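The structure presented is a predicted model; accordingly, all values stated were derived computationally and were not measured. In what follows, residues are counted from 1 in the order of the sequence shown.
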Amino acid sequence: GSNSLTSDISQCLKVSIPEAERLKIIHGDVNIKAIDPNETIEITTLEEGRKTVNKLLLCQIIEARMSELFQHINKNMSLDLGPDFTMVIGGGGSLLRGLGAFLNNRYLLKVREGLPEDIKHIIESSAYATAVGLVLFGVKTKAIHFNKTSGNQLKSKVTNWVRNFF
């Protein structure tokens with residue numbers, strides 16, 4: 001999901017992927033109504049080096065991609081799910097500033113970050129919730145074979161690898 005945002009930022013602002021990721025994380029906001037139209041940010045472009053751009057431009061790029069993404073979701077699965085429904089968002093994109101307000105304003109959805117109680121002891125950020133959830137689902141449905149012994153063997157292999165590497 002949010003890798004496409006990074007790619008869009010990179011293309012539109014003519015910056016490297018790492019610079020686009022930095023801009024997304026530090027300055028990105030999906031809720032463009034909350035952005036001061038006079039606020040500027042420093043970016044490092046591939047062609048011109050350091051330059052100043054309007055922060056609103058960055059946020060418009062992000063908002064456009066998120067609008068497209070949720071239009072696609074709404075086309076394939078109605079987001080008109082009633083007042084009691086809460087959308088759970090996970091992955092790195094769930095940490096994007098203003099995403100909850102954007103979804104609430106655009107689709108009248110209640111939103112919460114996707115970090116279920118039963119995995120909070122495993123991970124501390126919803127950036128990894130999707131991956132962990134998929135693995136747990138795979139184990140639960142037996143699509144992934146896992147037993148206590150194989151888990152201990154894996155832990156032992158990782159521990160030995162870390163010891164040998166460092």
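For the pair Asn38 and Leu56, the minimum side-chain heavy-atom distance is 4.5 Å or more. For the pair Thr44 and Val15, the minimum side-chain heavy-atom distance is 4.5 Å or more. Between Leu96 and Leu5, some side-chain heavy-atom pair lies under the 4.5 Å cut-off.
Proximity of a side-chain donor or acceptor of Lys24 to a complementary backbone N or O of Ser2 within less than 3.5 Å is detected. Distance alone, capped at 3.5 Å, places no donor-acceptor pair between the Asn31 side chain and the Arg97 backbone. Although no hydrogens or angles enter the test, the distance criterion places no donor-acceptor pair under 3.5 Å between the side chain of Asn104 and the main chain of Gly100.
In the hydrophobic cluster analysis, where Ile, Leu, Val, Met, Phe, Trp and Tyr join through side-chain heavy atoms closer than 4.5 angstrom, Ile32 is grouped apart from Met66. No chain of hydrophobic side-chain contacts below 4.5 Å, direct or via other Ile, Leu, Val, Met, Phe, Trp or Tyr residues, connects Ile25 to Val30. Residues Leu58 and Val53 share a hydrophobic cluster, clusters being chains of Ile/Leu/Val/Met/Phe/Trp/Tyr side chains in contact below 4.5 Å. With hydrophobic clusters built from ILVMFWY side chains whose heavy atoms lie under 4.5 angstrom apart, Ile41 shares a cluster with Ile61. Residues Leu95 and Ile17 do not share a hydrophobic cluster, defined by chaining ILVMFWY side chains whose heavy atoms lie under 4.5 Å apart.
Between Lys51 and Thr45, the side chains place no donor N or O within less than 3.5 Å of an acceptor N or O (distance only, hydrogens not considered). Ser67 and Glu63 form a side-chain donor-acceptor contact under 3.5 Å, judged by distance and modelled atom types alone.
Across every non-hydrogen atom of Ser16 and Ser10, the tightest pair is C-OG, 4.0 Å. Contact record, Ile62 with Asp29: CD1-N, 4.1 Å, taken as the closest heavy-atom pair.
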